[in-house]
Asker: 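Just passing along the structure, written as structure tokens.
In what follows, chains are A, B, ... by sequence order, proteins preceding strands, each numbered from 1.
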There are 2 protein chains.
Amino acid sequence: MSRRSGVLEFAVLGLLRESPMHGYELRKRLNTSLGVFRAFSYGTLYPCLKTLVAQGWLAEETTSDDPLAAPLAGRRAKIVYRLTSAGKEHFEDLLAQSGPDAWEDEQFGVRFAFFGHTERDVRMRVLEGRRSRLEERLEKMRASLARTRERLDDYTLELQRHGMESVEREVRWLNELIETERAGRGRAKGRPADQGRDDTNPTDTTK
Amino acid sequence: MSRRSGVLEFAVLGLLRESPMHGYELRKRLNTSLGVFRAFSYGTLYPCLKTLVAQGWLAEETTSDDPLAAPLAGRRAKIVYRLTSAGKEHFEDLLAQSGPDAWEDEQFGVRFAFFGHTERDVRMRVLEGRRSRLEERLEKMRASLARTRERLDDYTLELQRHGMESVEREVRWLNELIETERAGRGRAKGRPADQGRDDTNPTDTTK
DNA sequence: TTCGTCATGTAATGGGTTACATGATTAC
DNA sequence: GTAATCATGTAACCCATTACATGACGAA
């Protein structure tokens, strides 16, 4: 009932926004389409889909609903999940959030992956929030390094250095992105700012 | 009984190797001393310490054991944990492992942090294993990118690109480290290559 | 016909956090 | 004396994985 998995829920909703899919395919897309994204196991994915259906955000469609498919009774159906209009609405709500959660490591990646469907000002807030989050982290690392430097051996030091450099690198990346956004060259799916909520889905579902 | 948390256990053992500590202090060191290391909550740490004691790898010492401290009965004691000789032995065993687990994201960081106590050939295997793990990952990313490139919007593409670049960067880092090790300039705690397993420990344990 | 991959699910378990409860010690 | 921080612990819960069980479908 309270299976509220955050990232997974968000990612599923977002992927199904593009076109209906069944669970198995969904899982593959979680690895690939979405940046460097973790692979959830089926033990996580399927129960999650069930609760999303229960919430009214997804609708199941078994292949037997398809008039072209052989009407075999008792045959285990392949279940295609489709985003309902309530689900679409819910996804837009999630998409509009730009608060602290959205700058955490896990959330941020998924959020970014769906920037193509996100309003420009929200994108900016998420990007800037993420950056300040990383800068805080950097501050803490620097402070703790200053305190403990002489007590640490070379390997620990090297690890620390490399870690900080990674974070610094991400900050620079964010700076560039923010710059691009500010210059108005945000790249949202071909068309610049307009994102019509088309209910006619373009991809072939029945195949 | 089966509270076998892997990383945490390893990190605790390693930190206590240097000097005895109590839980609270231990937790702080997990954030700082060990590279960019995650902070475990007390709800994880304290139970873990208990099981390590039960295993015979740690020994508890309450401050009331200290003859200088006031002998107040019933007073909640500050518990200092000390690595037993069995614990030290167990840690050496863990340290000697260089199998697949050691090249996973989580494990690798801690392993590296304790390279100062690790044999050179083990260091090499861990470093090389990690590198090949990352190269596999890179291969997969490249393949999936090649398959799906045209279907992805600019943001997703950018995320993917940045992710791959991060991994590539870590590979280059590993290359340098491996080079250094191969050149014999492994930097284990001051002295270059020699690391006799001295049982006379140099850090003051009794303090 | 057998093997690999597609496809869906569940029960047990694991590893961790949160929130809570308690109390000592230090700085102001 | 009171607030912050040091210090230790527990119970309830959460999120996800593992191992298992089932079965369809296509290719060799």
Side-chain angles (χ1 to χ4, degrees), chain A residues 1-12 20-32 37-54 58 60-64 66 69-81 101 104-107 110 207, chain B residues 1-12 20-32 37-54 58 60-64 66 68-81 101 104-107 110:
Chain A
M1 201 154 221
S2 58
R3 180 143 333 252
R4 183 151 311 239
S5 165
V7 258
L8 180 54
E9 175 184 308
F10 189 81
V12 165
M21 264 179 279
H22 51 261
Y24 193 86
E25 198 182 342
L26 210 37
R27 186 182 182 254
K28 278 192 300 180
R29 303 271 316 252
L30 287 172
N31 298 317
T32 56
F37 201 52
R38 54 185 299 187
F40 289 91
S41 65
Y42 298 118
T44 310
L45 181 57
Y46 285 116
C48 172
L49 287 170
K50 284 285 156 76
T51 69
L52 291 179
V53 169
L58 300 186
E60 300 184 329
E61 270 157 30
T62 56
T63 42
S64 47
D66 184 350
L72 303 169
R75 165 161 150 249
R76 165 113 80 150
K78 192 158 98 172
I79 302 171
V80 174
Y81 292 92
D101 290 348
E104 290 316 322
D105 296 304
E106 253 208 336
Q107 288 251 357
V110 211
K207 184 202 157 189
Chain B
M1 204 155 223
S2 58
R3 179 139 340 247
R4 184 150 311 238
S5 166
V7 257
L8 180 54
E9 175 184 307
F10 189 80
V12 165
M21 264 179 282
H22 50 261
Y24 192 88
E25 199 184 342
L26 210 37
R27 184 180 184 255
K28 279 192 302 182
R29 304 268 319 248
L30 287 172
N31 297 317
T32 57
F37 200 54
R38 53 184 297 187
F40 289 92
S41 65
Y42 298 118
T44 311
L45 180 57
Y46 285 116
C48 172
L49 287 170
K50 285 285 155 74
T51 69
L52 291 179
V53 169
L58 301 186
E60 300 184 329
E61 271 156 29
T62 57
T63 41
S64 46
D66 184 349
L68 291 175
L72 303 170
R75 165 161 151 248
R76 165 114 81 150
K78 193 158 98 172
I79 302 171
V80 175
Y81 292 92
D101 291 347
E104 291 316 323
D105 295 306
E106 254 208 333
Q107 288 251 357
V110 211

Asker: Kindly compute the distance separating CZ (B/Phe40) from CG (B/Leu8), expressed to the nearest 0.5 Å.
Answerer: 4.5 Å
Asker: In whole angstrom, what separates B/Glu106's CD from C/dG15's P?
Answerer: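 So the CD-P distance, B/Glu106 to C/dG15, works out to 11 Å.
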Asker: According to a strict under-4.0 Å criterion, is B/Lys50 in side-chain N/O contact with OP1 or OP2 of D/dG9?
Answerer: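 Affirmative; the distance criterion is met.
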Asker: Among all residues two or more places apart in sequence or in another chain, which pass the side-chain contact (heavy atoms from CB on, under 4.5 Å) test with A/Arg29?
Answerer: A/Leu15, A/Met21, A/Ser33, B/Arg151
Asker: Can you check the A/Tyr46 OH to D/dA21 P distance for me, whole Å?
Answerer: 19 Å
Asker: Report the residue (B/Glu25 or B/Gly43) whose heavy-atom-nearest nucleotide on DNA chain D is the more 5′ of the two.
Answerer: B/Glu25
Asker: Taking only residues two or more places apart in sequence, or in another chain, which ones meet B/Glu104 in a side-chain contact (heavy atoms from CB on, under 4.5 Å)?
Answerer: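 B/Glu104 satisfies side-chain contact (heavy atoms from CB on, under 4.5 Å) with B/Arg133 only.
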Asker: When you get a sec, tell me which of C/dG16, D/dC6, D/dT17 is the closest nucleotide to the side chain of B/Val7?
Answerer: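 For the B/Val7 side chain, the nearest candidate turns out to be C/dG16.
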Asker: Can you measure from CG (A/Leu26) to CG (A/Leu49) and round to the nearest 0.5 angstrom?
Answerer: 6.0 Å
Asker: Could you check which of D/dT18, D/dT8, C/dT8 has an atom nearest any side-chain atom of B/Ile79?
Answerer: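 Looking only at heavy atoms from C-beta outward on B/Ile79, the closest nucleotide is D/dT8.
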Asker: Rounded to whole angstroms, how far apart are CG on A/Leu49 and P on D/dC15?
Answerer: 16 Å
Asker: Measure the distance from CD on B/Glu104 to P on D/dT17 and round it to the nearest whole Å.
Answerer: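 For the pair B/Glu104 CD and D/dT17 P, the rounded distance is 14 Å.
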Asker: Between P on D/dA7 and CZ on B/Arg27, what's the gap in Å once rounded to a whole number?
Answerer: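 The distance from CZ of B/Arg27 to P of D/dA7 comes to 13 Å, rounded to the nearest Å.
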Asker: Picking from D/dA16, D/dA7, C/dG16, which would you name as closest to the side chain of B/Phe40?
Answerer: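 Closest nucleotide to the B/Phe40 side chain: C/dG16.
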Asker: Could you check if a side-chain atom of B/Cys48 sits within less than 4.5 angstrom of a side-chain atom of B/Leu52, using non-hydrogen atoms only?
Answerer: yes
Asker: Taking the minimum atom-to-atom distance to the side chain of A/Tyr81, which one of D/dT8, C/dG16, C/dG9 wins?
Answerer: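 Selected nucleotide (nearest to the side chain): C/dG9.
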Asker: Can you tell me how far C1' of C/dG16 sits from CG of B/Leu30, to the nearest Å?
Answerer: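 The answer, rounded to whole Å, is 14 Å.
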Asker: Would you indicate, yes or no, if C/dT17 has its OP1 or OP2 atom less than 4.0 angstrom from a side-chain nitrogen or oxygen of B/Thr44?
Answerer: yes
Asker: Just to be sure I understand the rule, does B/Gly23 reach a base, reach only the sugar-phosphate, or reach nothing, if contact means heavy atoms closer than 4.0 Å?
Answerer: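 The answer is sugar-phosphate, as B/Gly23 gets under 4.0 Å only of primed atoms, P, OP1 or OP2.
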Asker: Can you measure A/Met21 atom CE to C/dA7 atom P for me and round it to whole angstrom units?
Answerer: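 Checked: the CE to P distance equals 12 Å.
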Asker: Angle between the end axes of the helix from C/dT1-D/dA28 to C/dC28-D/dG1, five pairs per end, to the nearest 10 degrees?
Answerer: 30°
Asker: Going by ring-ring contact (aromatic ring centres under 6.0 Å, His included), name the residues that satisfy it together with B/Tyr42, two or more places apart in sequence or in a different chain.
Answerer: B/Tyr24, B/Tyr46
Asker: Rounded to whole Å, how long is the line connecting atom NE2 of A/His22 with atom P of C/dG9?
Answerer: 12 Å
Asker: Please identify each residue that fulfils side-chain contact (heavy atoms from CB on, under 4.5 Å) with B/Ala39, with sequence neighbours left out.
Answerer: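 B/Ala39 satisfies side-chain contact (heavy atoms from CB on, under 4.5 Å) with B/Arg27, B/Asn31 once adjacent residues are dropped.
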Asker: Would you tell me if any nitrogen or oxygen in the side chain of A/Tyr42 comes within less than 4.0 Å of OP1 or OP2 on C/dT8?
Answerer: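 Negative; the distance criterion is not met.
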